[in-house]
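See structure below.
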Amino acid sequence: MVLVHGTVGGESREARAALAAARASRADELDRWLSGLLGVRRPGAPVPGLPAPDVPVAPVAPVVGSAQAAGAAGGVALVAVGSHARRELTPGGDLDLVLLHRGRPDVAEVAERVWYPIWNSGLRLDHSVRTVQEARDVARADMKAALGLISARRVAGEHALVDELRAAVLADWRAGARRRLAELGDLCRRRWEAKGELAFLLEPDLKEAHGGLRDVDVMRAVAASWVASAPDARVRAAHELLLDVRHVLHEVTGRTSDRLVLQEHEAVAHALGMLDGDVLLRTIAEAARTVTYAGDHLWRRVDRFCAPRRPAQARAPRPPGGARGVERTPVGDGAVEQEGEVVLARGADLDDPALVLRVAAAAAQAGLPLAPATVDRLAGEAALPPVPWPAEAREALVALLGAGPAAIGVWEALDQAGLIVRLLPDWERVRNRPQRNPVHRFTVDRHLVEAAAGAAALTREVSRPDLLLVGSLLHDIGKGRPGDHSAGGAVVARDLGARMGFADEDVRVLETVVRHHLLLPETATRRDIDDPRTVEAVTSAVSAVPGREREIVELLAGLAIADGLATGPGAWGGWKAGLIAELARRAVAALSGGTPPPPPALGPSQLALARHDGGAVRISGSHVTIAAPDRPGLLWRAAGVLALHRLAVRTARVSSPAAAGGNRPATAVLEFTAVPEYGSPPDPAALEADLRRMLADRLDVAGRLERRARSLRVRPGIAVPPPRVTIVDDASSTATVVEVRAHDRPGLLWRVGQALGECGLQVRAAQVDTLGADAVDVFYVVDAAGEPLVDPARLAGVRGHVLAALRHESDRES
């Protein structure tokens, strides 16, 4: 049986070894029999069900002389292509043969003497008669013929003739590789679209589906072009497994179909020495994912090879010595882009416990794959987070999931290297676990990743996008355990939440969300939402974390959408979406409270710093504290200085305590947590000097930021949900509260603050948080007279202006 990561028990190993031996023996027997049909005798046993070798068969005329004792017929050869050429012919497979000749006038007679006994035996035969030039011409025009002839193997006849054919076909294949591989890629993608993903189908086509046997044959053909390497040991092992399954399927059904239908699962599993059909499906999924992952990397290489070549002037300059340099562009701390993939930066710290997830997040956020060599190095050498995880590792996981669909390929790369189960040990139970429900499109683990990726589009709808993303990732983590998967999953989610380092109350929220992830869809579709008791049932269920009830309803509503879309079209639709949205709206309306908290009071150290005359700056690691006379634009100018020094603001707190008396303006205290976008932190002395110049109005922050922006090569990255700007009613009696939710980008706080300043507003207090890749920023603003805004038209203008600034920057970066 399958144990962990595709390892196999003894009974299954024996069964599979017997299958491999049977295929090899049958290939030898077929070769001996076919040689006899061509008039060339080979000693050996007969092929079961076929004429014995001692049955008189008319030899090819003219009969070759004694010089052909080794088994070559003059001017003619019998060549195997396809599965028999690779000695992989299964019981229901076709026998593909080419009769190759040098223009013999009697070749039709020779062909009849070969083909008719094969037809009479009942074997399915795909055959042709060609000269070398004819075969070469067909291969140039027909992709299927080319793929077969690339792997052609001599069965009998003239060696030189077969060698000539192989050399000619391979030379043509390599000479036209740019065109032929592009054509082959298009054919594969159309096949995948028609046949689906082998790893996630309940009734897969073992040969033609994405990740199946055909894909490995294609990988060999690409390797023959010298554009990419041949399949490695893991892919070869996966191919052997799929070949064994196909072999047994043909034997137990007596049919030639390659589709593994539900009613055959148990019989095929038992014939392979496996426990049951679920183990069989998990084994197939593991093999198919291995093939698909390797194929994705191969096709990226092919796409780069087939892409139009850049003009010489656009290429990277040659360094001294003549070798052309490889362009490396930073995409995150410890990660750079190289040739369309993300690799480790030269100075990456492999002892950093957040490195694995941070590099993965950088790749996903940039919309790029992780280079396989980088994944292998991370798996073999990089430290993993201790328990509980540091905040940096948790934020990197949230940023990875927040990349949406781009996270799926990166997650798969980590999973193939065994990193996911090392980070989240409970993942092993759901990994490759099939879902015997036609509504579900994916295995349990892939469904969870798809749900988290879908939740990334909904992060503007909730106040805690990090909990939505992680809750989506864990909502079905209880599947594969005894009992109700929601209850079991809640326990696992609680343990994993604590492992990830979430605060105790956040862990309770995650536990509640997983326990009740079906609450809204089941209640909305099975009960009358106009009945007050229906809403009461929802509000009662979310009351496990007092004070967080509205937030939990928001999270459940977002998760219901992500879960439904990740399940399949049969699980989601407009009717269901409308019912869930209305039920969630009524539940939120029934819950009280939920206004944003007031800004935190200053501690003794901040108050002491605020007593300095003029301005004071204190830098301690990633923490930057500034105390200065309050004035319009102070916050966003300070944030701009941090951006100039490649610092990304993770949190910001701004407070303006009242002046001690007289005409002296109030002192504002700004506290930032800022980390480098990539590389080493900036020189604290240089940063402090620029902050002091900014306070003295001797630094053109806007000009320097604009020059820096023009000098950077901007890559588009991933598609993200649009920003949202909300004026929060009744949140404060002394200020207008503006809430901004947006994808975090360098200088985001600068842009928002500048837009507020352009509206004539001053930030009295602010609470800025970056949760993974999303910023949730709350600003308490007043007008020039120190009063909150009340005019609806002006409030709408502020909201529109901030939105326009965010969208303009987003459009420029894309």
Side-chain angles (χ1 to χ4, degrees), residues 27-44 46-47 50-87 89 94-121 123-142 144-175 224:
D28 291 339
E29 292 169 352
L30 275 171
D31 283 356
R32 283 191 290 270
W33 181 61
L34 293 171
S35 297
L37 296 180
L38 193 62
V40 179
R41 295 297 186 187
R42 292 186 182 183
V47 179
L50 301 179
D54 57 351
V55 174
V57 179
V60 174
V63 178
V64 296
S66 60
Q68 277 89 31
V76 68
L78 192 60
V79 179
V81 296
S83 57
H84 184 49
R86 300 184 297 271
R87 302 171 65 84
L89 189 61
D94 293 350
L95 185 62
D96 296 337
L97 298 173
V98 177
L99 185 63
L100 199 62
H101 67 101
R102 295 188 185 277
R104 287 180 56 138
D106 63 340
V107 71
E109 297 175 16
V110 176
E112 289 180 0
R113 293 169 183 168
V114 175
W115 305 149
Y116 275 100
I118 299 174
W119 289 327
N120 291 338
S121 73
L123 282 173
R124 290 155 50 97
L125 175 65
D126 189 354
H127 64 285
S128 61
V129 180
R130 311 273 190 228
T131 64
V132 169
Q133 187 58 50
E134 287 170 346
R136 189 176 186 178
D137 291 342
V138 170
R140 287 169 174 166
D142 185 281
K144 181 181 178 182
L147 295 176
L149 290 170
I150 285 171
S151 60
R153 178 176 65 84
R154 173 190 166 276
V155 173
E158 185 180 321
H159 284 274
L161 189 57
V162 180
D163 291 344
E164 183 182 337
L165 171 69
R166 284 178 52 83
V169 169
L170 285 171
D172 290 343
W173 181 250
R174 289 162 185 158

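Because the structure is a prediction, the values reported are computed rather than measured.
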Which atom pair, heavy atoms only, marks the closest approach of Ala146 to Ala139? CB-O, 3.4 Å

By side chain to side chain contact (heavy atoms under 4.5 Å, CB included) - contacts of Val138 (at least two apart): Arg130, Asp142, Ala145

Please examine the side chains of Leu34 and Ile118, heavy atoms only from C-beta on, and report whether any two atoms are closer than 4.5 Å. yes

Note: Leu97 and Ala80 closest approach over all heavy atoms is CD2-CA, 4.0 Å

Shortest non-hydrogen separation from Ala224 to Trp173 and the atoms involved: C-CD1, 4.1 Å

For the residue pair His127 and Trp119, does the interplanar ring angle fall in the parallel (under 30°), tilted (30 to 60°) or perpendicular (over 60°) class? perpendicular

Between Glu164 and Arg102, the two heavy atoms sitting closest are OE1-NH1, 3.2 Å

Non-neighbouring partners of Asp94 that pass salt bridge (Lys or Arg N to Asp or Glu O under 4.0 Å), sequence neighbours left out: Arg124

In terms of heavy-atom contacts, Gly82 and Ser151 come closest through N-OG, 4.4 Å

Go through Leu78 and Leu37 one step at a time and tell me if the side-chain contact (heavy atoms from CB on, under 4.5 Å) criterion holds. CA-CA 10 Å; Leu78 192 60; Leu37 296 180; 6.0 Å; no

Spell out, as yes or no, whether a donor-acceptor pair under 3.5 Å connects the side chain of Glu158 to the backbone of Gly75. yes

For Asp31 and His84: C-alpha separation, side-chain torsions, deciding distance, then whether side-chain contact (heavy atoms from CB on, under 4.5 Å) applies. CA-CA 9 Å; Asp31 283 356; His84 184 49; 2.9 Å; yes

What residues, two or more places apart in sequence or in another chain, satisfy side chain to side chain contact (heavy atoms under 4.5 Å, CB included) together with Asp163? none

May I ask you to say whether Lys144 pairs ionically with Asp96, meaning some side-chain N is under 4.0 Å from a carboxylate O? no

Side chain to side chain contact (heavy atoms under 4.5 Å, CB included) partners for Ala108, two or more places apart: none

Under the side-chain contact (heavy atoms from CB on, under 4.5 Å) rule, what do Val81 and Asp126 come out as? Steps first, then yes or no, please. CA-CA 10 Å; Val81 296; Asp126 189 354; over 6 Å; no

Could you check whether any side-chain N or O of Arg153 sits under 3.5 Å from a backbone N or O of Arg86, counting only pairs where one atom can act as donor and the other as acceptor? no

Go through the structure and list residues passing side chain to side chain contact (heavy atoms under 4.5 Å, CB included) with Gln133, not counting sequence neighbours. Thr131, Arg136, Asp137, Arg140

Residues Arg104 and His101: closest non-hydrogen pair is N-ND1, 3.2 Å

Go through it in stages, so that I can follow the logic: the residues are Leu170 and Leu149, the test is side-chain contact (heavy atoms from CB on, under 4.5 Å), and I'd like the CA-CA distance, side-chain angles, deciding distance and then a yes or no. CA-CA 9 Å; Leu170 285 171; Leu149 290 170; over 6 Å; no

